[in-house]
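Basis for what follows: all heavy atoms, side chains included, without hydrogens, waters or symmetry-related copies. First listed ligand is number 1; within each ligand, the first listed atom is number 1.
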Amino acid sequence: MEELKVLFTPEEIRKRVEELALKIENDFPEDPLVLIGILKGSFIFLADLVRALKRKTLEIDFIRVKSYGYSDTSSGEVIITKDIEIPLDGKNVILVEDIVDTGITIDFLLKHLSLHKPKSIKICAFINKLERREVEVSLDYVGFTVEGGFLVGYGLDYAERYRHLPGVYEVLKK
Ligand code: IMP
Ligand code: MG
């Protein structure tokens with residue numbers, strides 16, 4: 001069994017998510033706004049974020065990608081296994097990701113979603129992990145920034161485990 005070290009507590013996360021929601025609300029007071037969650041990792045972050053947004057209307061969609069490579073790294077090849085289902089043309093879109101690591105997934109999805117002609121696309125990442133970045137991506141909203149390490153909890157998994165944990169932990173021994 002892996003050893004886990006607490007990085008962010010549920011209380012710290014709740015505060016930070018509220019701050020992000022406030023920023024998003026200030027930036028996009030007008031409709032239409034669409035939040036797109038990248039499955040599966042973003043499901044808890046997205047659920048908390050949308051409930052912290054103080055607005056009456058909002059659209060939510062999901063996209064799912066698979067990247068080839070080792071279990072905990074991307075290889076550079078990304079394929080979409082479930083695409084978005086609602087139209088994006090003329091809408092402000094926020095792409096919601098659990099953690100940005102190499103940047104390859106976000107870079108790929110930005111290009112893919114641009115084809116749908118949205119009015120704007122912003123990136124909201126719960127965690128920005130710096131040490132393995134390969135592609136420059138500009139992140140508009142970031143929950144927490146870390147240098148490295150393999151993190152789990154709050155949607156993030158290690159071989160499909162630990163997604164349900166309400167805090168974020170670093171896996172010390174795999
Ligand atoms: P990127 O294309 O390298 O930026 O890949 C990001 C994806 O890799 C995330 O959506 C996660 O699925 C996965 N990933 C990267 N680092 C971690 C981590 O520390 N914990 C859990 N998943 C991670
Ligand atoms: Mg992911």
Check: Do the side chains of L156 and I127 get nearer than 4.5 Å, heavy atoms only?
Finding: yes
Next item on the list: Look at K15 together with E11 and state whether they make a salt bridge at an N to O cut-off of under 4.0 Å.
Entry: no
Check: Under a heavy-atom criterion of less than 4.0 Å, does S42 contact ligand 1?
Finding: no
Notebook entry, point to check: For atom 15 (C) of ligand 1, which of V171, V65, D101 has the closest heavy atom?
Noted result: D101
Check: Side-chain contact, heavy-atom cut-off 4.5 Å: I121 with S114?
Finding: yes
Next item on the list: Return a yes/no value for L151: is any of its N or O atoms, backbone included, closer than 3.5 angstrom to an N or O of ligand 1?
Entry: yes
Check: Looking only at heavy atoms of L156, does any of them come nearer than 4.0 Å to an atom of ligand 1?
Finding: yes
Notebook entry, point to check: Within a reach of under 6.0 Å around NZ of K82, are more than 12 heavy atoms found that belong to other residues, nucleotides or ligands?
Noted result: yes
Next item on the list: Below 4.0 angstrom from a heavy atom of F150, which ligand 1 atoms are there? Numbered from 1 as shown, please.
Entry: 17 (C), 18 (C), 19 (O), 20 (N), 21 (C), 22 (N), 23 (C)
Notebook entry, point to check: Hey, is ligand 1 close enough to R132 that some N/O pair sits below 3.5 Å?
Noted result: no
Margin query: Applying side chain to side chain donor-acceptor pair (under 3.5 Å), can you list everything that pairs with D140, at least two apart in sequence or on another chain?
Written below: none
Margin query: Check whether R64 reaches the backbone of I80 with its side chain - one donor and one acceptor, N or O, closer than 3.5 Å.
Written below: no
Item checked: Closest to atom 23 (C) of ligand 1 among I106, I99, T105, D107 (heavy-atom distance) -> I99
Checklist line | Residue-ligand contact D157/ligand 1, heavy atom below 4.0 Å | finding: yes
Margin query: Can you confirm if the aromatic rings of Y162 and Y169 lie within a centre distance of less than 6.0 Å?
Written below: no
Next item on the list: Give yes if a backbone or side-chain nitrogen or oxygen of G103 is under 3.5 Å from a nitrogen or oxygen of ligand 1, and no if not.
Entry: yes
Note to self: Closer than 4.0 Å to some heavy atom of G149 - which atoms of ligand 1 meet that?
What the structure shows: 19 (O)
